[in-house]
Amino acid sequence: MKSKKEKSTKSKSAPSNRNGLTCYLKDGHCDISNNTAENSIRPFTVGRKNWLFSNSPKGAKASAIVYSLIETAKANDLDPERYLKHLFEKLPNTANFKDAETLDQYLPWATKSQEKCKG
């Protein structure tokens, strides 16, 4: 059973998080739940105990980045292997590598990525 303090804290935080909790209403593509995201990472969470490179914070961060790239490619109907190859071949030679507008053209939903990596 939850204490009065726990109940009070939760009821106070809900109004302050209203924008974050209702953002799915602004875009019809957003789901009300995160089941799709949870189901896509399930294979990684089941196997994580077997992966030695995730024993450090840096390893875990690297894993999260790679998994995120792969699952985002899948969610955008791209072949993950082709998409990663495209990124690894093009990004290192890209001028203004840290510029957001430059990186936008390499996102999975960008026209170039869709043309080159469609699954």
Side-chain angles (χ1 to χ4, degrees):
M1 190 164 215
K2 295 185 180 183
S3 69
K4 286 184 179 182
K5 185 177 179 181
E6 287 175 320
K7 289 178 185 177
S8 174
T9 304
K10 286 187 179 183
S11 65
K12 288 179 185 175
S13 68
S16 65
N17 292 323
R18 181 183 176 100
N19 288 339
L21 295 170
T22 60
C23 69
Y24 73 93
L25 297 172
K26 297 174 186 170
D27 185 351
H29 295 95
C30 296
D31 289 330
I32 192 169
S33 75
N34 67 345
N35 287 343
T36 304
E38 286 183 8
N39 288 337
S40 69
I41 65 166
R42 185 162 288 126
F44 302 112
T45 58
V46 169
R48 74 176 161 219
K49 291 180 183 176
N50 299 324
W51 298 330
L52 297 174
F53 57 85
S54 291
N55 284 340
S56 70
K58 286 183 180 180
K61 183 177 180 180
S63 297
I65 291 168
V66 172
Y67 302 150
S68 189
L69 286 170
I70 290 170
E71 292 304 323
T72 305
K74 287 181 187 177
N76 285 277
D77 298 321
L78 300 182
D79 177 335
E81 187 176 346
R82 273 195 273 176
Y83 180 61
L84 289 175
K85 184 178 179 193
H86 173 67
L87 292 179
F88 294 148
E89 288 175 350
K90 300 295 181 184
L91 282 177
N93 302 316
T94 302
N96 298 326
F97 181 77
K98 293 185 179 182
D99 178 52
E101 288 182 28
T102 302
L103 292 177
D104 282 350
Q105 64 187 326
Y106 294 101
L107 294 173
W109 48 86
T111 305
K112 270 187 188 178
S113 297
Q114 287 287 323
E115 289 171 355
K116 295 195 180 258
C117 308
K118 199 71 170 172

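Throughout, numbering of the chain's residues begins at 1 and tracks the sequence.
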Subject >> Interatomic spacing from CD in Glu81 to CD1 in Ile70 - rounded to 0.5 Å >> reply: 10.0 Å
Subject >> Nearest-0.5 Å distance that lies between atom CH2 in Trp109 and atom CG in Asp77 >> reply: 13.5 Å
Partner set under side-chain hydrogen bond (donor to acceptor under 3.5 Å, both in side chains) for [X], not counting sequence neighbours:
X	result
Asn39	Arg42
Gln114	Lys118
Glu38	Asn34
Lys112	Gln105

**OP:** Please report the closest heavy-atom contact between Ala73 and Pro80, naming both atoms and the distance.
**Re:** CB-CA, 4.1 Å
Original post:
What's the shortest heavy-atom distance between Thr72 and Asn76, and which atoms?
Top reply: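 Closest approach of Thr72 to Asn76, heavy atoms only: O-ND2, 2.8 Å.
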Subject >> Qualifying residues under side-chain contact (heavy atoms from CB on, under 4.5 Å), relative to Asp104, sequence neighbours excluded >> reply: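 Scan of Asp104 (side-chain contact (heavy atoms from CB on, under 4.5 Å), adjacent residues dropped) gives Leu107.
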**OP:** Report the residues that fulfil side-chain contact (heavy atoms from CB on, under 4.5 Å) with Asn93, sequence neighbours left out, ordered by chain and then residue number.
**Re:**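 Asn93 satisfies side-chain contact (heavy atoms from CB on, under 4.5 Å) with no residue once adjacent residues are dropped.
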Distance-only check: which donor-acceptor pairs under 3.5 Å involve side-chain atoms of residues 83-91, not counting sequence neighbours?
from	atom 1	to	atom 2	distance (Å)
Tyr83	OH	Tyr106	O	2.7

**OP:** Using the test salt bridge (charged side-chain N to carboxylate O under 4.0 Å, His left out), find all partners of Asp79 that sit at least two apart in sequence or belong to another chain.
**Re:**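 Arg82.
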